[in-house]
Amino acid sequence: MASSWARLPAASRLPVGLRHALTFWRRSIQARVVVSTVLLSAAVVGVVGWFLLQQTRDGLLENRVDAVLAEVGSETGEADERLQAAINLNLDAVGQQRDLVQPIISRGETRGFAVVLAGPVGADPTGAGATYTPWLDRDSVPDSLVRHFATSSSIAWTYTELTRLDERGEPVSSEPGVVVGSQVRLPADGETYTLYFLFPLSEEEDTLALVTRALLTAGALLLVLVAGVTWLVTRQVVTPIRLARRVAERLAAGRLQERLRVTGEDDLARLATSFNQMASNLQRQIRQLEELSRVQRRFVSDVSHELRTPLTTVRMAGDVLHDAREDFDPVTGRAAELLQTELDRFETLLVDLLEISRFDAGAAVLDLDDVNLVDVAHRVVEATRPLAAQRDVVLLVEAPDHPCLAEADVRRVERIVRNLVTNAIDHAGARHPGGPVEVVVRVAADDHAAAVAVRDHGVGLAPGESAMVFNRFWRADPARARTSGGTGLGLSISLEDTHLHGGWLQAWGRPGEGAHFRLTLPRHAGASLRRSPIVLIPDDAVETV
């Protein structure tokens, strides 16, 4: 089961819905244009949206940083004033720290920011001597800012991640923020301390999220509008093309009166006008060709029938002369023999022309019966052995022991095989005039088809001649005479007989390697062929790169 699944084409292994979608995608130029336009528009909207978001983000952060720096400057100024006032109160360093930080912490609770007082310079903000807002995780102060104040006293700021703690000191939430550091000197001990102000950016984050949602919504609506507009615009172009396709299909089906409706004066209207003119010209020429073909078929049929009466008279006279040729002088006797030979060929040609005319008129019918192709091959080979012996050709039959049956017209099948064998004898003998050569007739069958193949090692076929060989009166070498008495219509009649059975008649050949003709018939009349039990390229063919 797995091996049969692996032999299936890749497209047939896809789910049904996906196969239908791929088929629709391949066949609908409107869908491809709409999807391509939407994808390109999505790329443009994405780039523009990203740029707008970056500008909005940078603007929000810049405004927030400016506001934070202004507020920190104000808080630092007030802290310096309180420290100067605390000199008269004779407070120690701890008292001055408390008097410095507590008002700022209180205002931070109201305004939403946190404070950390660390010192003296170089002290860790997470150490025991630091004073800070209770809900703040002091690890929110970045190390880069701490290192900055170890060597510099200028105000500095950076972005950070604020972590909030619960009553037990466990982190409960995290949000982006801005931390600003500023140094102050305590009069009590003369040491420099660092104040870290940590401002959350939750409002800016909410604003940016709102802008992002708005841009996404607007972008989605814009893409839907672009898809709709593109669909409508392409529909105006694709609809006339689809109408032209339907009309072209009807014309191809033989409804030559079909025409496109012309509306307006634009390019599509002029295209429809040109299409209608082309259809009218084609209709006129096809009718002329049909009339010419009808006259030609009628002429061939009439001439073939009219020639039968004088041919009968000439045949009777020729038979009399041929029977009395022994009483004539050698030259006259030879002339009587040549006359008899050419009369035989002429009569065969008339029979073939009548058969061709029946095919052209559609009057050919099948007399179906179960035909054993093995018996047909043996009968044809036995009937053509005298001709093969004259050409120094050996006929061989390769067939299975069991019958190879097919529902067919035995008379027509024998005619096909006989034409193939005599054609092989003719060409094989021309290739090897100085010694015996083999022509192999192979028979095979499977559950669906039965086949007969004839392999010769004669002159072969040049590239492109495998299809031309079935044309009427066609010769691979026009200078070569028909030594087997053929009329040039045998393969054409064989092809018509094969089509009448719903079968295949195919040829393969290479110059110098001979030819291989294969007849394939369905086992049951009316069944469709998918493969042949005999390969077209023979096993003994020399492979070429």
Side-chain angles (χ1 to χ4, degrees), residues 5-6 8-65 159 161 174-176 178 201-252 258-279:
W5 170 262
L8 292 175
S12 63
R13 298 199 296 265
L14 297 175
V16 176
L18 184 56
R19 287 206 306 270
H20 290 169
L22 291 176
T23 301
F24 177 74
W25 174 259
R26 290 194 303 269
R27 294 182 177 179
S28 176
I29 188 174
Q30 187 175 9
R32 294 200 299 272
V33 170
V34 171
V35 172
S36 301
T37 304
V38 170
L39 290 177
L40 292 175
S41 300
V44 173
V45 169
V47 172
V48 174
W50 177 83
F51 177 76
L52 291 177
L53 285 177
Q54 290 296 112
Q55 293 295 314
T56 302
R57 174 179 173 274
D58 293 343
L60 290 173
L61 293 178
E62 184 178 353
N63 291 334
R64 181 56 173 165
V65 168
Y159 294 111
E161 193 77 16
S174 182
E175 57 186 319
V178 177
L201 296 176
S202 55
E203 293 184 2
E204 287 73 16
E205 188 177 28
D206 294 340
T207 302
L208 189 62
L210 178 62
V211 173
T212 302
R213 289 194 298 270
L215 286 176
L216 289 176
T217 304
L221 293 176
L222 180 61
L223 291 179
V224 172
L225 291 176
V226 168
V229 171
T230 306
W231 182 269
L232 292 177
V233 171
T234 54
R235 183 179 178 85
Q236 296 179 5
V237 179
V238 172
T239 298
I241 296 177
R242 289 176 177 171
L243 294 175
R245 175 183 60 81
R246 296 191 185 102
V247 172
E249 290 174 351
R250 298 189 188 107
L251 289 173
E258 291 288 334
R259 297 292 183 273
L260 285 174
R261 184 175 61 184
V262 180
T263 56
E265 299 180 356
D266 55 10
D267 293 335
L268 291 176
R270 291 198 295 271
L271 176 62
T273 302
S274 301
F275 184 91
N276 290 338
Q277 293 175 353
M278 179 190 67

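Counting begins at 1 with the first residue of the sequence.
Residues that satisfy the side-chain hydrogen bond (donor to acceptor under 3.5 Å, both in side chains) test with Arg245, not counting sequence neighbours, are Glu249. For Val65, the side-chain contact (heavy atoms from CB on, under 4.5 Å) partners are Leu69, Trp157, Tyr159, Val178, not counting sequence neighbours. Applying the side-chain hydrogen bond (donor to acceptor under 3.5 Å, both in side chains) test to Arg235 and every residue at least two apart in sequence or in another chain returns nothing. With sequence neighbours excluded, the residues satisfying side-chain contact (heavy atoms from CB on, under 4.5 Å) with Leu39 are Val35. Scored by the salt bridge (charged side-chain N to carboxylate O under 4.0 Å, His left out) test, Glu161 finds no partners at all (sequence neighbours excluded). By the salt bridge (charged side-chain N to carboxylate O under 4.0 Å, His left out) test, Arg32 pairs with no residue at all, sequence neighbours left out. For Leu216, the side-chain contact (heavy atoms from CB on, under 4.5 Å) criterion is met by Thr212, not counting sequence neighbours. In this structure, the side-chain contact (heavy atoms from CB on, under 4.5 Å) partners of Ala227, at least two apart in sequence or on a different chain, are Val34, Val38. Glu205 pairs by the salt bridge (charged side-chain N to carboxylate O under 4.0 Å, His left out) definition with nothing, not counting sequence neighbours.
Closest of all the heavy-atom pairs between Gln30 and Val238 is CB-CG2, 4.1 Å. Of all heavy-atom pairs between Leu60 and Glu204, the closest is CD1-O, 3.9 Å. Here the shortest heavy-atom pairing between Leu251 and Arg259 reads CD2-NH1, 4.2 Å. For the residue pair Val226 and Ser41, the shortest heavy atom distance occurs at CG1-OG, 3.4 Å. Nearest approach of Val262 to Ala272, heavy atoms of both residues: CG2-CB, 3.9 Å.
Counting non-hydrogen atoms of neighbouring residues, nucleotides and ligands closer than 6.0 angstrom, the CD1 atom of Ile29 reaches no more than 12 such neighbours. Counted within 6.0 Å of CZ on Arg64, heavy atoms from surrounding residues, nucleotides or ligands total more than 12; the atom is thus considered enclosed.
Taking CZ of Arg213 as the reference point, atom OG1 of Thr217 lies at 8.5 Å (rounded to 0.5 Å). Here CD of Gln236 is found 13.5 Å from CH2 of Trp231. Values are rounded to the nearest 0.5 Å. Residue Leu215 holds its CG atom at 9.5 Å from CG of Leu210, rounded to the nearest 0.5 Å. Interatomic distance, CD of Glu258 versus CG of Leu243, reported as 11.5 Å (0.5 Å rounding).
Within the structure, every pair that satisfies the side-chain hydrogen bond (donor to acceptor under 3.5 Å, both in side chains) test and touches residues 268-278, not counting sequence neighbours, is listed here: Asp267-Arg270.
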